Amino acid sequence: MQQYLLLDKIEWPSDLRKLKKEQLYNLSNELRDFLIATVSETGGHLASNLGSIELSIALHYVYDTPNDLIVWDVGHQSYTHKILTGRKKSMHSLRQYGGLAGFLKRDESEFDAFGAGHSSTSISAALGMAMANKLKGKNNKAVAVIGDGAMTAGLAFEGLNNAGWLDSDILVILNDNKMSISENVGAMSKYLSSVLAGRLYNSVKDTANKALSLMPTMQKIVHKVEEHVKGMVTPGTFFEELGFNYIGPIDGHDINVLVDTLVKIKKLSGPQFLHIITKKGQGYKLAENSPIDYHGVTKFNPKEGMKKGAAAKALTYTQVFSKWLLDVAKLETNFVAITPAMREGSGMVEFAKQYPNKFFDVGIAEQHAITFAAGIATQGIKAIVAIYSTFLQRGYDQLIHDVALQNLPVMFAIDRAGIVGADGPTHIGSFDLSFLRCIPNMIIMTPSNENECYQMLWTAYKLQAPCAVRYPRTMGNGTPITATEGILPPGKAEIVRHGQQIAILAFGTLIDNVIGAANKLNATVCNMRFVKPLDQELLQQIAATHEYIVTVEENVISGGAGSAVNELFNQLNLNRSILNLGIADEFLQHGDQQSLIREQGLDVEGIVKAIYNHWEQIKI
């Protein structure tokens with residue numbers, strides 16, 4: 001293991017504060033080397049963390065953490081924070097099953113003031129902490145670190161607005177690297193990019209203030225003029241109008257400037273706003289040149305960089321959606337595709353290149369994305385919203401009120417449904433079947449393989465109703481795509497294996513595990529396809545010919561697809577014993593997907609064991 005002159009001496013922020021300020025530059029270089037070496041072995045968020053090393057050092061050097069509270073937005077930029085707060089020796093376990101989380105967790109460290117895996121929460125959370133300190137008579141500081149990509153979300157502005165109004169003792173640090181995961185979009189992003197003008201303004205302002213300090217009357221007149229001129233040359237006006245004292249922009253990689261600035265800010269009271277300019281991937285040329293590719297990485301050789309692997313025999317479900325979207329564009333014209341800042345993750349890069357007029361990236365604004373889609377749908381244009389399962393949660397009110405209530409034909413392509421793996425509980429898509437199923441007018445589909453996913457996407461596109469196709473992050477099983485633009489009859493399931501006594505109803509891609517279990521039990525297997533509506537006719541047939549019914553889904557059992565079956569059986573007075581298998585009533589931790597599926601008893605052996613345990617009278 002490589003030896004480090006400074007980093008090896010640091011376990012806690014208290015050790016960091018023993019260093020001389022002149023040593024912090026060398027420490028940042030050591031941390032950069034350590035991060036690249038570590039993340040290349042574990043995978044994780046690299047470019048964003050390389051860009052925030054100096055900021056992390058400066059914050060822990062100046063502030064008395066954990067008494068002073070630092071809230072990192074999302075956690076994509078928190079690895080250096082983890083290293084400096086007692087977790088350096090555990091970084092080899094980052095995002096691994098049973099190891100360190102890839103995001104912040106309050107139960108992992110007292111230095112993690114707030115845990116979040118969704119963006120734009122930091123200002124509101126830090127404001128709550130600042131006000132709590134005030135109510136308790138404490139003078140602890142609260143700092144929110146937020147990226148310019150996260151500033152595109154409405155929640156960030158709600159927090160800013162309230163912070164200025166409350167005259168809170170909070171510092172908001174805007175880590176401006178002109179990117180979220182993809183390139184930033186929107187008017188706010190363009191506004192914040194006027195940083196050179198901001199530097200010029202601050203330089204002139206400092207000089208002028210010194211000269212005018214000897215002429216108080218003239219100084220008042222000039223300050224009035226300043227309020228009007230300032231808006232044309234610096235992004236600070238907007239934040240000052242909200243009640244913040246705006247400082248910056250400053251170089252976020254100049255550790256001396258950062259430390260000096262934070263020392264001064266720490267002495268100030270009231271809402272402070274520090275604007276720093278950083279570069280994603282700083283210090284690692286491959287990441288600097290391709291920050292999107294190096295945002296989230298798998299294992300790689302740091303000397304060679306990320307390699308494009310050999311073409312896989314099976315497509316991921318994201319790639320199925322990508323192919324379908326391009327195929328739609330060849331046959332249809334009356335549609336648009338929308339994403340809330342997940343162009344790469346949702347498989348829309350090529351579509352965006354080929355059909356820019358039909359592609360809308362609305363930024364990290366899930367609520368807006370859904371109501372925007374609803375508005376488009378009112379004018380007879382099909383709106384396709386590509387969104388992760390957990391990000392759809394953020395637009396739930398809009399889904400109910402703006403889409404479903406008006407019965408608008410908005411189509412949701414829901415990626416990362418079910419168990420997602422290393423990103424952990426903040427990104428696990430285990431609730432969407434439950435929160436979608438209770439909404440009137442919704443049609444919900446769960447494909448069992450790639451070809452069926454492709455066909456369901458066409459089905460959702462053709463149906464004139466709110467529709468959702470939810471699919472996992474995983475690779476498919478290699479099923480070739482032979483489907484065309486035809487549609488599946490809504491609510492129609494199919495029997496894929498005939499057996500006796502036991503019928504297993506499979507919802508989604510766990511069907512391969514279900515079939516494996518059914519082969520050991522001689523059970524019937526139904527590929528249910530639709531969670532809503534259910535195939536009532538088939539279920540009545542199953543109830544009449546089988547004594548035991550099992551449902552299997554990659555969703556929480558509470559309120560999920562199995563619950564829908566239970567409700568239908570009760571409604572039809574079908575007196576059969578039903579066992580619901582799915583994700584437990586808990587937040588799953590991070591780890592590889594197969595380990596988590598096995599932990600939840602959703603592998604072949606787990607399904608068989610659960611059935612035998614539930615019905616001891618079943619004979620082999």
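Because only heavy atoms are used, hydrogens play no part in the values below, and waters and symmetry mates are left out as well, while side chains stay in. What you are looking at is a predicted structure, and each value in this text was computed from that prediction instead of being measured.
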Original post:
Hey, what's the ring geometry for His275 with Phe273, parallel, tilted or perpendicular (30° and 60° as the breaks)?
Top reply: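 Plane angle over 60°, so perpendicular.
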Original post:
Parallel, tilted or perpendicular: which fits the ring planes of Phe239 and Tyr246, with parallel below 30° and perpendicular above 60°?
Top reply: parallel
Original post:
Is it the case that more than 12 heavy atoms not belonging to Asp585 sit under 6.0 Å from its CG atom?
Top reply: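 It does not: Asp585 CG has 12 such atoms or fewer within range.
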**OP:** Start with the C-alpha gap between Lys279 and Asn177, add the side-chain angles, then the distance that decides, and say whether side-chain contact (heavy atoms from CB on, under 4.5 Å) holds.
**Re:** CA-CA 5 Å; Lys279 186 177 182 64; Asn177 55 37; 5.9 Å; no
Are [X] and [Y] close enough that some pair of their side-chain heavy atoms sits under 4.5 Å apart?
X: Ile583; Y: Ile419; result: yes
X: Ile247; Y: Asn245; result: yes
X: Leu171; Y: Leu262; result: yes
X: Ile607; Y: Leu581; result: yes
X: Ile53; Y: Leu35; result: yes
X: Gln23; Y: Leu6; result: yes
X: Leu46; Y: Tyr284; result: yes
X: Ile10; Y: Leu19; result: yes

[X] (side chain) donor-acceptor with [Y] (main chain) under 3.5 angstrom:
X: Asn140; Y: Asn67; result: yes
X: Ser56; Y: Thr80; result: no
X: Asp73; Y: Val145; result: no
X: Thr318; Y: Gly347; result: no
X: Thr339; Y: Met342; result: yes
X: Asn49; Y: Ser78; result: yes
X: Glu366; Y: Gln393; result: no
X: Ser346; Y: Met348; result: no
X: Thr316; Y: Gln319; result: yes
X: Glu11; Y: Gly86; result: no

Approximate separation, where rounding is to 0.5 Å, of [X] [atom1] and [Y] [atom2]:
X: Glu344; Y: Asp361; atom1: CD; atom2: CG; answer: 8.5 Å
X: Glu22; Y: Asn256; atom1: CD; atom2: CG; answer: 7.5 Å
X: Leu27; Y: Tyr4; atom1: CG; atom2: OH; answer: 11.5 Å
X: Leu174; Y: Asp148; atom1: CG; atom2: CG; answer: 6.0 Å
X: Leu596; Y: Gln594; atom1: CG; atom2: CD; answer: 9.5 Å
X: Tyr317; Y: Ser322; atom1: OH; atom2: OG; answer: 15.5 Å

Indicate whether any N or O donor in one side chain lies under 3.5 Å from an N or O acceptor in the other, for [X] and [Y].
X: Asp512; Y: Asn477; result: yes
X: Asp68; Y: Thr65; result: no
X: Gln600; Y: Glu586; result: yes

Original post:
Are Phe103 and His45 close enough that their ring centres sit under 6.0 Å apart?
Top reply: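 Judged by ring-centre distance (under 6.0 Å), Phe103 and His45 do meet the cut-off.
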Original post:
Does the gap between the ring centers of His590 and Tyr97 come in under 6.0 Å?
Top reply: no
Subject >> Ser430 and Asn555: CA distance, side-chain angles, deciding distance, side-chain hydrogen bond (donor to acceptor under 3.5 Å, both in side chains) verdict >> reply: CA-CA 4 Å; Ser430 57; Asn555 188 82; over 6 Å; no
So, for [X] and [Y], which heavy atoms are closest and what is the spacing to 0.1 Å?
X: Ala156; Y: Ile123; value: O-CD1, 3.8 Å
X: Ser434; Y: Ser558; value: OG-O, 2.8 Å
X: Trp12; Y: Thr85; value: CZ3-O, 3.4 Å
X: Ser120; Y: Ile364; value: OG-CG2, 4.2 Å
X: Tyr79; Y: Gly44; value: OH-CA, 3.6 Å
X: Leu155; Y: Ser124; value: CD1-OG, 3.7 Å

Using a strict 4.0 Å threshold on nitrogen-to-oxygen distance, state whether [X] and [Y] make a salt bridge.
X: Asp112; Y: Arg87; value: yes
X: Asp432; Y: Arg470; value: yes
X: Asp169; Y: Lys134; value: no
X: Glu108; Y: Lys82; value: yes

Original post:
Which residues satisfy the salt bridge (Lys or Arg N to Asp or Glu O under 4.0 Å) test with Asp64, sequence neighbours excluded?
Top reply: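 By the salt bridge (Lys or Arg N to Asp or Glu O under 4.0 Å) rule, Asp64 matches Arg17.
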Original post:
Would Ile277 and Ile250 count as a side-chain contact (heavy atoms from CB on, under 4.5 Å) if you check the C-alpha gap in whole Å, the side-chain angles of each, and the deciding distance to 0.1 Å?
Top reply: CA-CA 6 Å; Ile277 307 300; Ile250 66 172; over 6 Å; no
Original post:
Out of His118, Arg416, His427, which one pairs with Tyr388 under the side-chain hydrogen bond (donor to acceptor under 3.5 Å, both in side chains) rule?
Top reply: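 So the option named by the test is Arg416.
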**OP:** Could you walk me through whether Ile557 and Thr551 pass side-chain contact (heavy atoms from CB on, under 4.5 Å), step by step?
**Re:** CA-CA 9 Å; Ile557 297 171; Thr551 66; over 6 Å; no
Original post:
Is there a side-chain hydrogen bond (donor to acceptor under 3.5 Å, both in side chains) between Gln589 and Lys105 once you walk through the steps?
Top reply: CA-CA 11 Å; Gln589 299 308 305; Lys105 293 182 65 178; 2.5 Å; yes
**OP:** May I ask you to establish whether Lys266 and Tyr63 are in a cation-pi arrangement, using a distance under 6.0 Å from NZ or CZ to the six-membered ring centre and at most 45° from the ring axis?
**Re:**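 That pair qualifies as a cation-pi contact.
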**OP:** With side-chain hydrogen bond (donor to acceptor under 3.5 Å, both in side chains) as the test, would you mind laying out the steps for Ser389 and Asp415 before giving the verdict?
**Re:** CA-CA 6 Å; Ser389 174; Asp415 204 330; over 6 Å; no
**OP:** Please lay out, stage by stage, how Phe34 and Gln2 fare under the test side-chain contact (heavy atoms from CB on, under 4.5 Å).
**Re:** CA-CA 9 Å; Phe34 181 79; Gln2 184 174 345; over 6 Å; no
**OP:** Kindly determine whether Thr278 and His253 satisfy side-chain hydrogen bond (donor to acceptor under 3.5 Å, both in side chains), including the steps that lead there.
**Re:** CA-CA 6 Å; Thr278 61; His253 297 300; 4.8 Å; no
